[in-house]
Protein chains: 2
Amino acid sequence: MVSALKNGPDYRQMLREAGLRVTPQRASIVTILSETDDHPSVEDLYEKTRTLDDTVSVATVYRTMSVLENAGLVRKLVMDDAPARYEMMPQTDHDHLVDVESGDLVEIPGTEISELMGRVASELGYRIVSHHTVIRARKV
Amino acid sequence: MVSALKNGPDYRQMLREAGLRVTPQRASIVTILSETDDHPSVEDLYEKTRTLDDTVSVATVYRTMSVLENAGLVRKLVMDDAPARYEMMPQTDHDHLVDVESGDLVEIPGTEISELMGRVASELGYRIVSHHTVIRARKV
DNA sequence: CTTGGTGCAAATGATTTGCAAGCCT
DNA sequence: AGGCTTGCAAATCATTTGCACCAAG
């Protein structure tokens, strides 16, 4: 999952295709977010990105996440009481579950939940823009 | 839906049964929240409650919501970008949808969504504690 | 060049908290 | 009486923004 090239052209291209300017900061942030398998907060992302590129500021991480979210490249996970977390927009849709004991974020594979939501919303005359669902659960 | 008695003993009792102290502030806040059919934010709640009892402070509304949530008497709806909203814990379960145009909060009747979540979570070895699901959607 | 991006620090907005006084049980 | 609650104001936390400078296209 880890690319050999730091800041490889793949990420730059992804940005360019979305019609966004490619800055070194954006490339670094996307690199870090892409190669991480947990769901980092802005603060996490900031710290990790800094090890790769120390010109990045927190403000830029916030701004970048916002831009990427609007471009549909990343998904924001709104938490109940903790700062938001982010993931690259998944190709295989899934939902999330927070382990209330550990705080871990577990991915729920499968697309059933959002399909059902879409169906139910359309019965009310709506089309889903996004659904920010976080399930709090405890190990059995 | 609107009770004749302001601050009726029904709400005081509801608090007492939950093992909570009954203060005039709590009674007022619960009265307002119970008799409202939208999903007020703390600020909304504070303003409305003030018309009934001007000794209430915002801090107390926050503290009361927190206490009531822990007692399982109210449900907190975590929004994406706006302050949290609250509703009395519904007997008939339902989910929520935010109209991204108007900001309106629409209730999605039915229990299918949370049933599916529960089923899917249990496949991962979890039992749901709570799920705060808010769907952002746009009118068709 | 020109527009948009960035760092820094200050500003904002929501929610929390320390403290002294007051009320519920 | 004694501990939980409250109001007030100050504090915290996450996120946003103004501004002067810099860089991508």
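All of these numbers come straight from a predicted model, not from anything done at the bench. Below, read A as the first sequence line, B as the second, and so on, with proteins coming before strands; counting in each chain starts at 1.
If you take CD of A:Q13 and P of D:dA24, they are 18 Å apart, rounded to a whole angstrom. Across the protein-nucleic acid pair, A:I29 atom CD1 and C:dG5 atom P stand 13 Å apart, rounded to whole Å. Regarding A:L68, its CG atom lies at a distance of 17 Å from the P atom of C:dG4, rounded to whole Å. Rounded to an integer number of Å, the gap from CG of B:D80 to P of D:dT15 is 11 Å. Between A:Y46 atom OH and C:dC8 atom P there is a gap of 7 Å when expressed in whole angstrom units. In this structure, CG of A:D53 is placed 17 Å from P of C:dG5, rounded to the nearest angstrom. Straight-line distance from the CE atom of B:M65 to the P atom of D:dT6: 11 Å, rounded to whole Å. Between B:D81 atom CG and D:dA14 atom P there is a gap of 18 Å when expressed in whole angstrom units.
Residue contacts for A:V56: at a heavy-atom cut-off of 4.0 Å it reaches the sugar-phosphate backbone alone, with no base atom in range. Looking at heavy-atom distances under 4.0 Å, B:V22 makes contact with sugar-phosphate atoms alone, never a base.
Judged by atom type and distance alone, B:R63 does not reach the base of D:dT5 through any side-chain donor-acceptor pair under 3.5 Å.
Looking at which nucleotide of DNA chain C each of A:R26 and B:Y62 is closest to, the 5′-most match is held by A:R26. Both B:V58 and A:T64 sit near DNA chain C, but only A:T64 has its closest nucleotide nearer the 5' end. Residue B:T23 is the one, among A:E43 and B:T23, whose nearest nucleotide of DNA chain D lies closer to the 5' end (criterion: closest heavy atom).
When the nucleotides D:dA23, D:dT17, D:dG2 are ranked by their closest atom to the side chain of A:R21, D:dA23 comes out on top. Closest to the side chain of B:Q25, out of C:dC24, D:dT6, C:dT6, is D:dT6. Closest approach to the A:P83 side chain among C:dT25, C:dA14, D:dA14 is made by D:dA14 (side chain taken as heavy atoms from C-beta onward).
Looking only at distances, a side-chain donor or acceptor of B:T49 sits under 3.5 Å from a matching main-chain atom of B:L45. With hydrogens and angles disregarded, a donor-acceptor distance shorter than 3.5 Å links the side chain of A:T51 to the backbone of A:K48. Of the possible donor and acceptor atoms, one in the side chain of A:R26 sits under 3.5 Å from a partner among the backbone N and O of A:R21. In this structure, the side chain of B:S66 does not engage the main chain of B:Y62 through any donor-acceptor pair within 3.5 Å.
With salt bridges taken as basic N to acidic carboxylate O contacts below 4.0 Å, one links A:D93 and A:R75.
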